[in-house]
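In what follows, a single structure is set out as structure tokens and then discussed.
Computed from a prediction, not measured in an experiment: that's the story for all the values here.
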Amino acid sequence: MASDHSFDLVSKVDHQEVDNAINQAAKEVRQRFDFKDTQTTVAWAGDNIEIESSTEERAKAALDVLESKLIRRQVSLKSMEAGEPRISGKRTHITCLMKAGITAENAKKVTKLIRDEGPKSVKTQIQGEEVRVTSKSLDDLQAVQKMVKEADFDFAIQFTNYR
């Protein structure tokens, strides 16, 4: 008797890796000569990341440094949404929102892709902020994983709970 195999499609952010990237970016900003006397900071502000500097150009440069650190720590930039620079007094702020979870609309996009283009034996089920994919064949599940990776959605996606 063959049993069903499954995996979950999720969109999660490893907060420890993001925290490490923020610390590395903040350290680099403090040490770099081009940030001297700009009082540029990169830090958590609740669940978001706040970049603050004396000029818009330095704030954007600090955002670049943060993005490079996130990439190095293998955190997808699709899970971060940087806002527009806004001026408050003599300071420029950029707020970066960290996105986690697959929205209902995005889950429908993923399940439609799997239904339309995936192997016929594969079944999908939306469970809150994740999508469960099941099949009797491990090869079919691997084909679905490959197809989803190549689809290039506008949100970060990971495969977990592979059984």
Got a second to check how far Lys120's NZ is from Arg115's CZ, nearest 0.5 Å?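 The NZ atom of Lys120 sits 10.0 Å away from the CZ atom of Arg115.
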Going from CD on Glu56 to NE2 on His93, what distance comes out if it is rounded to the nearest 0.5 angstrom?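 One gets 12.5 Å once the value is rounded to the nearest 0.5 Å.
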Minimum heavy-atom distance Trp44-Asp19, with the two atoms named: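 In terms of heavy atoms, the two residues are closest at NE1-OD1, 2.9 Å.
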Can you give me the closest heavy-atom contact between Phe35 and Ala61, atom names plus distance?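 That would be CZ-CB, 3.7 Å.
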Residues Lys69 and Glu28 bridged, charged N to O under 4.0 Å: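 The answer is yes: the pair qualifies as a salt bridge.
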May I have all residue pairs that pass side chain to side chain donor-acceptor pair (under 3.5 Å) and include part of residues 151-163, sequence neighbours excluded?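 Only Asp8-Asn161, Lys78-Asp152, Asn161-Arg163 qualify under side chain to side chain donor-acceptor pair (under 3.5 Å).
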Quick one: ring pair (Phe, Tyr, Trp, His ring centres under 6.0 Å) pairs with a partner in residues 133-153, sequence neighbours left out?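 Sorted result for residues 133-153: Phe153-Phe155.
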Side chains of Thr40 and Thr38: donor-acceptor distance under 3.5 Å anywhere?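 Yes, a side-chain donor-acceptor pair sits under 3.5 Å.
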For Thr95 and Glu50, does a side-chain donor sit closer than 3.5 Å to a side-chain acceptor?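 Distance-only check passes for Thr95 and Glu50.
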Please list every donor-acceptor pair under 3.5 Å in which a side-chain atom of residues 100-107 meets a protein atom from a residue at least two apart or in another chain.
unit_1 : atom_1 : unit_2 : atom_2 : d
Thr103 : OG1    : Asn106 : N      : 3.2
Thr103 : OG1    : Asn106 : ND2    : 3.2

Other residues, nucleotides and ligands only: do more than 12 of their heavy atoms fall within 6.0 Å of [atom1] on [X]?
{"X": "Gln31", "atom1": "CD", "result": "yes"}
{"X": "Arg72", "atom1": "CZ", "result": "no"}
{"X": "Lys123", "atom1": "NZ", "result": "no"}

Check for me whether Arg132 meets the cation-pi criterion with Phe7, that is, NZ or CZ under 6.0 Å from the six-membered ring centre and within 45 degrees of the ring axis.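 Output no; distance or angle outside limits.
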Should Val10 and Ile157 be marked as a side chain to side chain contact (heavy atoms under 4.5 Å, CB included) after you check the CA-CA gap, both sets of side-chain angles, and the distance that decides it? CA-CA 6 Å; Val10 297; Ile157 204 160; over 6 Å; no
Is there side-chain contact between Leu63 and Cys96, with heavy atoms separated by less than 4.5 Å?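 Answer yes - side chains close enough.
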Would you say the side chain of Leu70 lies within less than 4.5 Å of the side chain of Met80, judging by non-hydrogen atoms?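 A side-chain contact under 4.5 Å exists here.
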Tell me, please, which residues at least two apart from Thr41 pass side-chain contact (heavy atoms from CB on, under 4.5 Å).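 Expected list: Glu52.
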Could I get the full list of side chain to side chain donor-acceptor pair (under 3.5 Å) partners for Arg73, not counting sequence neighbours?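 With neighbours one apart ignored, the set is Glu17.
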Could you point out which residue of Ile49, Asn23, Leu66 forms a side-chain contact (heavy atoms from CB on, under 4.5 Å) with Val18?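 Only one of Ile49, Asn23, Leu66 forms a side-chain contact (heavy atoms from CB on, under 4.5 Å) with Val18, namely Ile49.
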What side-chain donor-acceptor pairs closer than 3.5 Å can you find for residues 139-147, not counting sequence neighbours?
unit_1 : atom_1 : unit_2 : atom_2 : d
Asp140 : OD2    : Ser121 : OG     : 2.4

